[in-house]
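Reading through the structure tokens given below for one structure.
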Amino acid sequence: MNANTVLSRPAGRRPLSWGTPLTYALALAVAAVSIAPIVYVIIGGFRTTPQIVADPAGLPDPWVWDNYSRVLTQSDFWRQAFNSAVIALGTTLGVVVLGLCAAFVIARYTFRGREALHTFFTLGLLFPAGAAILPLYLMLRDLNLINSYYAVILPQVAFSLPITIVILRPFLSAIPRELEDAAAIDGADRLGFLWRIVLPLSRPALVTVGILAFVASWNAFLLPLLVLGDVSLHTLPLGVQNFSSQYTTDTAGVLAFTSLAMLPALLFFTLAEKQIVGGLQGAVKG
């Protein structure tokens, strides 16, 4: 290769790399493995049980709408959806408010033991929630919180605080001190700075932790199973179990109920996907 050949090569052209195709292939494979069960459950709700038994991997022929309409006309489904919504929204509100307050203090205040406190919250990520179920149940029973929304909301907020603080602290630490000084000159105190400056700038992170808390609460099963003995307080994951036990031979109906139970969290997560990616990127950069 002579000098003229080297000079004639376009400056913006990059050598062929096999890394990008391999990355896309792996991403598509992971996406297929993740999406395939969801698609199977949703499509299975449009079939009949004999169709599923005869051809488990087939498509609906014909498409049956009775399974979904039967679930949507049940009062139990809507009551369980209401319970799930109340618990998930209450958990999300508690996680965002308490997590923001705790992360703001750890990120913007200087005091003895600050890093130890942050490490303590970080270690909470290593603590499995299942290991605390028995003592947690006994404590909630002593507080007379069993069979109430608080029995689910309060523990879920506590278990979600570690990841919330880990995500929020880098955002709050990255806010320039000059903005805080300017707010102080304008007469804003700490709370005014938090409300006027921190909240708007931390919106991606707040949306991220809110969505993670909502989806985790909506899909929670073990904790509601133990503390919500009253059937009228059951959430949708418990409703799926009850429906499956009641209609053990109705596979198509169980798939339809499961699809409708997971649909709100799935849509909520999908619509806010960009906010989650932005929030996590900011946390990593911080």
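Under the 4.5 Å side-chain heavy-atom criterion for Ile, Leu, Val, Met, Phe, Trp and Tyr, V231 and L145 are members of distinct hydrophobic clusters. Residues I43 and I35 are members of one and the same hydrophobic cluster, defined by side-chain heavy-atom contacts under 4.5 angstrom among Ile, Leu, Val, Met, Phe, Trp and Tyr. By the rule that hydrophobic residues join a cluster once side-chain heavy atoms approach within less than 4.5 Å of another member, L93 and L161 end up as members of separate clusters. Hydrophobic clustering of Ile, Leu, Val, Met, Phe, Trp and Tyr side chains at less than 4.5 Å, counting indirect connections, keeps V95 apart from V105.
The two atoms that bring A261 and V240 nearest to each other are CB-CG2, 3.7 Å, heavy atoms only. Pairing each heavy atom of Y137 with each of L226, the nearest pair is CE1-O, 3.4 Å. Here the closest heavy-atom approach between residue L125 and residue I163 is recorded as CD2-N, 3.5 Å. In plain terms, the two heavy atoms of A32 and P37 that are nearest each other are O-CD, 4.5 Å.
At least one side-chain heavy atom of R108 sits less than 4.5 Å from a side-chain heavy atom of F193. You'll find the side chain of S160 stays beyond 4.5 Å of the side chain of S217, heavy atoms only. Here the side chains of P155 and L223 are in contact, with some heavy-atom distance below 4.5 Å. Side-chain contact check for F46 versus V64: every heavy-atom pair is 4.5 Å or farther apart. Between T258 and I42 there is no side-chain heavy-atom pair separated by less than 4.5 Å. Using a 4.5 Å heavy-atom cutoff, the side chains of L140 and Y150 are not in contact. For the pair L89/F214, a side-chain contact is recorded, criterion being any heavy-atom separation below 4.5 Å from C-beta on. Within the 4.5 Å cutoff, side-chain heavy atoms of Y149 are placed close to those of L233.
Relative to the ring axis of Y109, R190 places its NZ or CZ within 45° and under 6.0 Å from the centre.
Under the side chain to side chain contact (heavy atoms under 4.5 Å, CB included) rule, L206 has a single partner from I167, V198, L168, which is L168.
How far OH of Y68 is from CG of L260: 6.0 Å, rounded to the nearest 0.5 Å. In this structure, CD on E115 lies 6.5 Å from OG1 on T119, to the nearest 0.5 angstrom. F82 CZ to T235 OG1: the interatomic distance, rounded to the nearest 0.5 Å, is 13.5 Å.
Looking at T73, its side chain does come within 3.5 Å of a backbone N or O of R70 through a donor-acceptor pair. For Q51 (side chain) and D61 (main-chain N/O), a donor-acceptor pair under 3.5 Å exists by modelled atom type. Although no hydrogens or angles enter the test, the distance criterion places a donor-acceptor pair under 3.5 Å between the side chain of N67 and the main chain of R47. One N or O on the side chain of T49 and one on the backbone of T251 form a donor-acceptor pair closer than 3.5 Å. For the pair S84 (side chain) and W218 (backbone), a donor-acceptor distance under 3.5 Å is absent.
A side-chain donor from one of H234 and N242 sits under 3.5 Å from a side-chain acceptor of the other.
Classified by interplanar angle (parallel below 30°, tilted 30° to 60°, perpendicular above 60°), the ring pair F243/Y247 is tilted.
Comment: D186 does not engage R196 in a salt bridge, judged by the lack of any side-chain N to carboxylate O separation of less than 4.0 angstrom.
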